[in-house]
Each structure stands twice: as structure tokens, then as C-alpha cells.
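Positions are given from 1, in the same order as the sequence printed here. Atoms within each ligand, like the ligands themselves, are counted from 1 in listed order.
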Amino acid sequence: MTITSAPPAALERGLVADGVQLIGGEWVPSVTGRTLDVINPANRERLASVPQSSAADVDAAVQAAERAFPAWRDLAATVRAGLLFRWADLIEQHAADLDQLESQEVGRPHWGPSAMPGQVRFIAGQADKVQGVSLPTYSPDTLGFTLREPYGVVGAIIPWNAPGPMFVTEVGAAIAAGNTIVMKPAEDAPLTPLALARLALEAGIPAGVVNVVTGYGSEAGAALPAHPGIRRMGFTGSPFTGSLVMRACAENLIPLHLELGGKSPQVVFPDADLDAAVPAMVAGITLNTGQICAAGSRVVVLRSVHDELVERLAAQMQKVTVGPWHEKVAMGPLINEKQHTRVLDYIAIGREAGATVVTGGGVPSGGGFGDGFFVEPTLFDGVAPDMRIAQEEIFGPVLSVIAVDDEQEAVEVGNGTDYGLVASVWTSDVGTAIRMSRALKAGQVGVNNALGARVIGGPFGGYKSSGFGRTMGADSVLEWTQVKTVSLRPATPAI
Ligand code: NDP
């Protein structure tokens, strides 16, 4: 296998430029001039560098966003919507370059048609539908109603696993509601967000409405929710960092939403169509090398179908081809060395706990594999519900099979982690499907499908430690607004 890295076409075509970030419509280096390298995780080659920002850069971005806010807020909502639609068109026009850029920095093979234009159009369509309500009053000479108003300057922090979709989801909803935003992307995958911000500017979204500050989470990231000019935050990432961000928001007395990952169960009943279920379940844990918050990482299977399911899952996993983004493979490398070590450590933890590796369990050998952060798709059987591999988010292509005796135990095991992001149920019985959809404690339940709701505008978010607040749906725009009650009376009331 040869692993070569062509420079991102987006860089050659000027969609991203080395060493600069977007503040107030200007492409600027960090205040200190420091930079950090973004690497291709398939071979550790440098793709580009971005500013290594600090609190001073965050402050400059917040000030730029404050200057842009009044005009953006006061623009007719239909005009704001139109600019977002134009942004979606540009994202569509540049889909191939964006796809390549995201593939190179994240390390994933081509994902198929981009969902980003559709997501931005859906959100754009909500911009002019933000409405208040009329209120009953105590006297006929009074009018009462509510206004939904933007917060002002808001902030968002996103992770590296799907930088493009997460950027448009957070930025789209926040600016559709009339806020201006400062975004801190992950240090490992900031290039796609920078390219998307460039297209927002090109679409005519005014300077300062969208600002992107790159750098380390502990420096630029920590400075964002701590900044007194930020009025609301959105965060996607690990529970540990989510809790730090929430603490900073508490100090500042500002609200936030959190999306913190999952340990999503795939509950398989004996009447499931395994021909359909098995490929979807394997795709659900190997897509993006398992680095998806919604990944269905626990199989909870009724004992009578356990043996057949394990055999089929193993056969399907062995068909998953592994390699760099530009080869026709199903699965790429993990994002970085830390993640590589973490996934391999969890595989060792599973073995030590007594679970059986049915397939995988190591790193692919030969060729250029050694230069990248590759790991084999791994299937564990004989997993007990309380083992760490069944409780903790691994964020890698590691699937754990837990056998149960009946539906009640399936519900208990399915709900038996701190997380509650997504759950899947595989059955051909509509009664089972309805009972399980109600019983599973998760923000999204998919019946006979994996990876969460396959619907347009489905709100996305978690129960329990998976977080709170919902992104992606129509209500996500409302989450970035606050409600004002207005009561209106004549200067000299008659009553
Ligand atoms: P983090 O939660 O640390 O990173 C997510 C984002 O937060 C990144 O932009 C990061 O910046 C930023 N960040 C880091 N530290 C701070 C801070 N002190 N204040 C503000 N922002 C900060 O996740 P990791 O990348 O370390 O991944 C670890 C694990 O988290 C994964 O293995 C997985 O289990 C989980 N995870 C879940 C995700 C989800 O979709 N829910 C996404 C990513 C990870 P920087 O990248 O520069 O550190």
C-alpha cells in the first residue's frame, strides 16, 4: 500500500491560506505570530499551519463580533435567510474541495454527497420563521406579546471528527437567529471550518458576523467561554472538557448547550432482518473509524440469535478495507497519536477484563500503515455490561457484544451507561419497536437504522451525560434566542 499526500486542492485554490484566521472579515495571524501544524493522520505529513491563538485573539474576535452585531440583528430576517441560502450554494459549488480537505485533515475516506448544503438550507429556511406569541391581557387597552431576540455575540467550540457539518450546524443556527459568532475549531481539524468561513464571507454575510479563532483548546478554547463579551455557548466534545466549559459559563452566568458523545446500544431481536442489520451495524462503528458521537458501539442481542449475529458481524468486519482517504477504502486512520493510544489501550482493557476478540484487535501491518494512526476494526464478544469497554466511549472502531435473556434485560442493559445519545432497535415486530422506542433513554432512537435519526430536521442531542440542548432541528435556531415579553398600553390608559 502506498500512502502519499497531495496538498489539499482547497489550499491551492485559495479556499484556505497558511497561517491565518478570520477576525472581523480580515485574514490575520495570531497576535503572537505563533502557529501550529495540521497534519494528515494517514502519514503524519504537514498539510498547512494555522494561528496558535491566545486570549488576545479571542478578545479581538469578540470585539469584531460586537461591532457587527447591531447591523446583523437589524437586517430583515428574509435578507439574513437569503445570505444563508447563498452560503449553501457556495458550499455546494465547492463540495469536492471541501470533501477532500475534510478527508485529509480528519483522515476519512470519501463520505458520499455532502449533507452540508442541505443542512444550511434547512436552517436558512428557519431564519424568517422565528416568531413570538400574542398574550392575553387583563384589560382591553393593553397588548401583550413576546419577541424572540438574539443573544448578541455567542461562541462555539467543535471537535475534529466532523468539522464541516458541525461548523455549519452551530454557525448556521446562531447567525440565522441574528447573533454574531466566534468559533474555535479543534486543533486537529481547523481547515474545513476556515474554508467554510471564507465561503460565508464570499456569500455576502458581513464581516465580523462569523469569526474563526484557531489554536489549542486549553488556550484559545478556554478563553472563549471565559470572555465577558460572550452571551451564550455551544460545545461538542468530551464530557471532561464539556464540564470545564460549563464551569466557565457558570462563572459568566451564561447558558450553553452540550453534546458530549455516547455509548449507543444496538438492540437486536431474533426477528431482525440480519441481512439489512449487519452491514448497517458494522458501518455504524467503522464509518469515520468509529469517531462519531452517535456510533453504535454496544450490540445488545437476545441470546437465541447471538451466535449467528456474532458470526455475521465478524465476517462483515473482515470485509472493511482500511487505508488513507484517497484510496477506495471503507475506513481511514484515527485522528492522532493520542486517539491511537487510547483505542489500543481500550482493546487491551477489554482483553484483560475477559472479553474475547473475535476479529481485529491490532494495527494493520505492512506498507505505509506504520506511518499513520491505523487500527483494525475490532469485535469483542462475551462482554459484561459493567466492563469498561461496555461503559466508556472508546471513539474507535471497537464493537462490544453483550448477550441478554429477554426484552426487559435488553432495556436495562441498553440504558445501563451514563450516556444517552442514540439507540438502535433491530426488529420486524412493530409492537417491540414501539415499546423499545419509548423505553430507551436516548435523544434519538432509530428503528432498523443506525447512527441516529435519518430524517430532515431531526433535533439532535443527548439524555443524561450525553448533554443537553438540541442542534440541527428547527428549534436549534430558537435555542440561540432569548424571549422578551412586551406589554403595550396607551400613554393615558382609559381603563
Ligand atoms: P475534547 O473535548 O478535549 O475536544 C473538543 C473541543 O474542545 C476541541 O475543539 C478542543 O480543542 C476543545 N477544548 C479542549 N480543551 C478545552 C478547554 N479547556 N476549554 C475549552 N475548549 C477546550 O476532546 P478530545 O479531542 O480530547 O477527545 C477525547 C475524547 O472525547 C474522544 O476520545 C471522545 O471520546 C470524546 N469526543 C467526543 C466528541 C463528540 O462528538 N461528542 C468529539 C470529540 C471527542 P483542541 O482540539 O485544540 O484540544
Side-chain angles (χ1 to χ4, degrees), residues 21 36-39 41 50-55 58 105-106 155-163 165-167 169-170 182-193 212-227 230 233-249 251-252 256-264 287-295 297 334-346 373 375 388-389 391-398 417-422 443 451-452 460-462 465-469 471-472:
Q21 58 193 351
L36 61 91
D37 286 344
V38 183
I39 63 150
V50 294
Q52 184 191 323
S53 298
S54 57
V58 169
E105 62 180 341
V106 176
I157 296 172
I158 54 170
W160 39 262
N161 54 338
M166 288 198 205
F167 183 84
T169 296
E170 293 288 51
V182 179
M183 162 67 77
K184 207 301 277 182
E187 70 197 55
D188 289 308
L191 301 178
T192 313
V212 182
V213 176
T214 58
Y216 293 122
S218 54
E219 198 177 8
L224 188 55
H227 195 291
I230 295 289
M233 281 294 301
F235 174 83
T236 304
S238 64
F240 177 79
T241 307
S243 157
L244 291 181
V245 170
M246 192 166 165
R247 254 175 268 175
C249 289
E251 291 285 328
N252 252 346
L256 81 164
H257 63 257
L258 293 175
E259 202 275 83
L260 306 176
K263 193 70 192 173
S264 300
L287 198 73
N288 217 28
T289 323
Q291 302 166 120
I292 299 183
C293 50
S297 51
L334 293 158
I335 185 79
N336 57 28
E337 191 148 16
K338 182 176 133 198
Q339 197 62 21
H340 197 231
T341 307
R342 176 188 164 100
V343 171
L344 291 173
D345 282 353
Y346 269 110
F373 308 114
V375 66
R388 285 184 62 192
I389 57 166
Q391 288 290 325
E392 297 171 18
E393 186 175 49
I394 298 174
F395 232 53
V398 181
T417 72
D418 288 340
Y419 290 106
L421 191 59
V422 174
L451 284 179
F460 190 85
S465 301
S466 287
F468 49 80
T471 60
M472 296 179 91

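Considering backbone and side-chain atoms together, Ile158 places an N or O closer than 3.5 Å to an N or O of ligand 1. Among the atoms of Thr241, some N or O lies under 3.5 angstrom from an N or O of ligand 1. An N or O contact shorter than 3.5 Å links Gly261 to ligand 1 by distance. Geometrically, ligand 1 and Ile394 share no nitrogen or oxygen pair separated by less than 3.5 Å. Ligand 1 has a nitrogen or oxygen under 3.5 angstrom from a nitrogen or oxygen of Arg342.
Between Gly467 and ligand 1 there is no heavy-atom distance shorter than 4.0 Å.
At a cut-off of 3.5 Å, with distance as the only test, no side-chain donor of Glu393 or Ser297 sits close to an acceptor on the other residue. Under 3.5 Å, the side chains of Gln21 and Ser53 contain a donor-acceptor pair of N or O atoms.
With sequence neighbours excluded, the residues that form a side-chain hydrogen bond (donor to acceptor under 3.5 Å, both in side chains) with Ser243 are Arg247. In this structure His257 satisfies the ring-ring contact (aromatic ring centres under 6.0 Å, His included) test together with Trp480, sequence neighbours excluded.
If you look at Val245 next to ligand 1, the close heavy atoms, those under 4.0 Å, all belong to the side chain. Proximity of Trp160 to ligand 1, defined as any heavy-atom pair under 4.0 Å, is confined to the side chain (atoms from C-beta onward). Counting heavy atoms under 4.0 Å from ligand 1, residue Gln291 does not touch it at all.
Taking every non-hydrogen atom of Glu259 and a distance limit under 4.0 Å, the qualifying atoms of ligand 1 come out as 41 (N).
Looking only at heavy atoms of the protein, atom 26 (O) of ligand 1 is closest to Lys338 NZ, 2.8 Å.
Scanning Gly215, Ser218, Ala162, Ala222 for the heavy atom closest to atom 19 (N) of ligand 1 points to Ala222. The residue from Pro163, Pro185, Gly217 that puts a heavy atom closest to atom 13 (N) of ligand 1 is Gly217.
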message: side-chain contact (heavy atoms from CB on, under 4.5 Å) for Glu170 and Ile158? Distances and angles first, verdict last.
response: CA-CA 9 Å; Glu170 293 288 51; Ile158 54 170; 4.1 Å; yes

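Around atom CG of Asp418, no more than 12 heavy atoms belonging to other residues, nucleotides or ligands sit under 6.0 Å away.
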